[in-house]
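Naming: A, B, ... by sequence-line order, numbering from 1 per chain.
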Amino acid sequence: SSLFVYPTKIIIKTCGTTQLLKSIRPLLHYARHLGLTLCSCRYTRGSFIFPKAQPFPHTTFKEEVICLEESLPTNLCRRKASVMPSKTPSHSWHVFTASDDAHLPGVLYTLEVCMTELDRVLARKFFQRPGDEKTGDTAGKEMTQLTGIGDINPGALICDFAFDPCGYSMNGIIDGDRYSTIHVTPEDGYSYASFECVGSIYDDHDDVVQILKKAVQVFRPATMSVSTTCTSHEVWTRVAGALEPLGLKCRSCAMDEFPAAGSVVFQTFTTRRK
Amino acid sequence: MAVSGFEGFEKRLELHFFGDDPAVTEMGLRQLDFESLEQVLHAVQCTVVSAVGNSYFDAYVLSE
């Protein structure tokens with residue numbers, strides 16, 4: 001899980017049975033004391049592997065939306081919730097956005113990649129060796145190096161951590177105000193990895209293609225989804241072009257518009273053998 | 001947790017703020033002390049396990 005704190009922006013991404021939406025009220029409280037007012041909110045997630053294990057308010061998307069609606073101030077009057085479908089019913093993308101009247105989408109895009117059925121040999125690299133006395137930090141550094149994660153953005157400042165007995169999280173700081181993050185649950189049967197990065201619509205779009213290719217090759221998943229939140233259509237149209245040479249075929253693509261967020265495009269891919 | 005599985009799929013929340021005082025917004029939320037962040041994370045049921053930052057933002061790796 002990851003937390004990014006900017007002067008006027010905060011991003012929290014958590015997995016497991018965490019109760020993420022319970023952070024909203026305390027965050028608003030602390031922000032108010034700093035003289036800051038909330039102007040937009042975006043909540044996203046995929047379909048849970050174990051939905052029945054999720055605690056309230058994450059039991060259903062409907063409950064999550066109610067919780068969001070009740071937690072957010074009334075100045076965030078432009079609100080929208082949507083479940084974006086795919087051809088696989090177990091892979092949907094859940095999006096809620098809210099903003100005030102003045103908030104406009106920025107020039108940054110967000111790429112959220114969810115990968116399942118990871119290559120077993122590659123996933124094994126995210127297990128600590130029995131008897132290994134390494135700490136989470138040192139084991140994390142070793143995994144970053146051994147798996148090729150460190151080569152995705154060679155210039156990034158990386159903060160990595162390996163969990164005991166398995167699992168891995170990494171935050172990367174790239175080009176000043178840009179971040180990337182990777183989280184891995186390598187256990188066979190429910191293996192999962194996520195990759196997320198931000199970029200600008202003014203960037204060279206070949207950069208995102210190269211980064212996406214490198215990230216996916218670390219895990220070689222059988223199934224993956226890519227959600228692109230962006231005001232420009234230049235980014236999402238490059239995604240399939242990046243993944244198809246790796247043997248991943250685009251099976252579905254859904255698009256929706258959200259106030260103050262721009263377009264959200266949700267694409268799913270599976271290996272050609274599936 | 002169901003069966004023996006660990007839920008990998010993340011929930012992601014992004015909040016944007018504005019302020020009228022440029023002196024405040026220059027550092028803004030980064031002025032929050034670690035104890036306050038820990039209280040927020042306590043509500044989520046996470047803790048900080050590692051951290052890094054630069055002049056633009058702070059990045060924390062969390063438990064879970």
Side-chain angles (χ1 to χ4, degrees), chain A residues 1-23 26-27 30-31 34-50 52-54 58 103 112 114 136-137 157 159 161 169-171 173 176-177 179 183 185 187 189-190 192 194, chain B:
Chain A
S1 300
S2 289
L3 166 68
F4 300 102
V5 183
Y6 291 78
T8 58
K9 177 170 76 176
I10 199 153
I11 297 163
I12 312 188
K13 181 171 182 170
T14 65
C15 62
T17 52
T18 50
Q19 293 171 285
L20 178 60
L21 297 181
K22 288 192 175 176
S23 66
L27 279 172
Y30 288 122
L34 292 170
L36 297 168
T37 306
L38 187 69
C39 57
S40 84
C41 165
R42 175 154 53 102
Y43 174 69
T44 52
R45 69 165 174 87
S47 298
F48 295 125
I49 301 171
F50 303 108
K52 287 182 180 167
Q54 287 296 325
H58 298 284
H103 189 82
E112 293 170 75
C114 301
D137 293 310
L157 174 61
C159 178
F161 193 87
S169 285
M170 174 287 264
N171 291 330
I173 292 183
D177 64 348
Y179 71 84
H183 301 284
T185 305
E187 290 102 322
Y190 45 92
Y192 171 84
S194 67
Chain B
M1 187 61 65
V3 204
S4 59
F6 181 79
E7 181 61 61
F9 276 91
E10 295 101 345
K11 315 159 180 105
R12 181 187 184 278
L13 180 70
E14 179 170 333
L15 301 173
H16 289 247
F17 298 84
F18 74 93
D20 295 326
D21 182 353
V24 169
T25 50
E26 194 178 334
M27 276 302 283
L29 297 162
R30 298 185 74 191
Q31 294 174 89
L32 284 176
D33 56 33
F34 190 66
E35 199 177 300
S36 303
L37 284 179
E38 279 187 315
Q39 280 186 16
V40 173
L41 294 172
H42 179 72
V44 177
Q45 294 177 342
C46 276
T47 54
V48 172
V49 296
S50 197
V52 69
N54 67 4
S55 57
Y56 296 90
F57 70 106
D58 301 309
Y60 301 88
V61 174
L62 308 178
S63 61
E64 278 297 320

Q: Under the 3.5 angstrom rule, does the side chain of B:Lys11 hit a backbone N or O of A:Thr18 as a donor-acceptor pair?
A: yes
Q: Backbone N or O of B:Glu64 within a donor-acceptor pair of the A:Ser1 side chain at under 3.5 Å?
A: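 Yes, A:Ser1 side chain to B:Glu64 backbone: donor-acceptor pair under 3.5 Å.
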Q: Measure B:Asp21 against the heavy atoms of chain A and call it side chain, backbone, both or neither at under 4.5 Å.
A: neither
Q: Let's test your reading of the structure: which of B:Phe57, B:Phe18, B:Tyr56 forms the most heavy-atom pairs below 4.5 Å with chain A?
A: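 Answer, by heavy-atom pair count under 4.5 Å with chain A: B:Phe57.
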Q: I'd like to know which of A:Ser47, A:Gly176, A:Ala31 tops the heavy-atom pair count under 4.5 Å against chain B.
A: A:Gly176
Q: Who among B:Ser63, B:Ala43, B:Ala51, B:Gly19 has the most heavy-atom pairs with chain A under 4.5 Å?
A: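 Heavy-atom pair counts peak at B:Ala43.
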Q: Is the gap between the ring centers of B:Phe9 and A:Tyr192 under 6.0 Å?
A: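 Between B:Phe9 and A:Tyr192, the centre distance is under 6.0 Å.
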Q: For A:Lys13, is there any backbone N or O sitting under 3.5 Å from a side-chain donor or acceptor partner on A:His183?
A: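 Looks like no, no N/O pair under 3.5 Å.
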Q: Please determine, among A:Gly189, A:Ser194, A:Pro26, A:Gly136, the option with the most heavy-atom pairs under 4.5 Å with chain B.
A: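 Ranked by heavy-atom pairs under 4.5 Å with chain B, first place is A:Ser194.
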Q: Which region of A:Asp177, side chain (C-beta onward) or backbone (N, CA, C, O), has a non-hydrogen atom less than 4.5 Å from a non-hydrogen atom of chain B, or is it both or neither?
A: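 Both parts, heavy atoms under 4.5 Å.
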Q: Go through the side-chain N and O atoms of A:Thr8 and B:His16 and say whether any donor and acceptor fall under 3.5 Å apart.
A: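 Checked: A:Thr8/B:His16 side chains show no N/O donor-acceptor pair below 3.5 Å.
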Q: Answer yes or no: is there a side-chain heavy-atom contact under 4.5 Å between B:Tyr60 and B:Phe34?
A: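 Yes, their side chains come closer than 4.5 Å.
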Q: Quick check on the interface: out of B:Val44, B:Val40, B:Val61, who has the most heavy-atom pairs with chain A under 4.5 Å?
A: B:Val44
Q: Return the option, out of A:Lys22, A:His58, A:Arg45, with the maximum number of heavy-atom pairs under 4.5 Å with chain B.
A: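 Of the options given, most contacts go to A:His58.
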Q: Of all residues at least two apart in sequence or in a different chain, which pass the salt bridge (charged side-chain N to carboxylate O under 4.0 Å, His left out) check with A:Arg42?
A: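 Per chain and number, A:Arg42 pairs via salt bridge (charged side-chain N to carboxylate O under 4.0 Å, His left out) with A:Glu112, B:Glu14.
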Q: Could you check which of A:Leu27, A:Ile12, A:Thr37 has the highest count of heavy-atom pairs closer than 4.5 Å to chain B?
A: A:Thr37
Q: Between A:Thr185 and chain B, with a heavy-atom cut-off of 4.5 Å, which part of the residue counts as in contact: side chain, backbone, both or neither?
A: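 Side chain only.
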Q: Most heavy-atom pairs under 4.5 angstrom with chain A, which of B:Leu41, B:Asn54, B:Val49?
A: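 Counting heavy-atom pairs under 4.5 Å, the top option is B:Val49.
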Q: Would you mind reporting whether B:Leu13 and A:Ile11 have side-chain heavy atoms less than 4.5 Å apart?
A: no
Q: With a 4.5 Å cut-off on heavy-atom pairs, point out which of B:Leu32, B:Asp58, B:Val48, B:Leu37 contacts chain A the most.
A: B:Asp58
Q: Below 4.5 Å from any heavy atom of chain A, which atoms of B:Gln39 appear? Answer side chain, backbone, both or neither.
A: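 It is the side chain, since no backbone atom gets that close.
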Q: For B:Asp33, I'd like to know if atom CG has over 12 heavy atoms of other residues, nucleotides or ligands within 6.0 Å.
A: yes
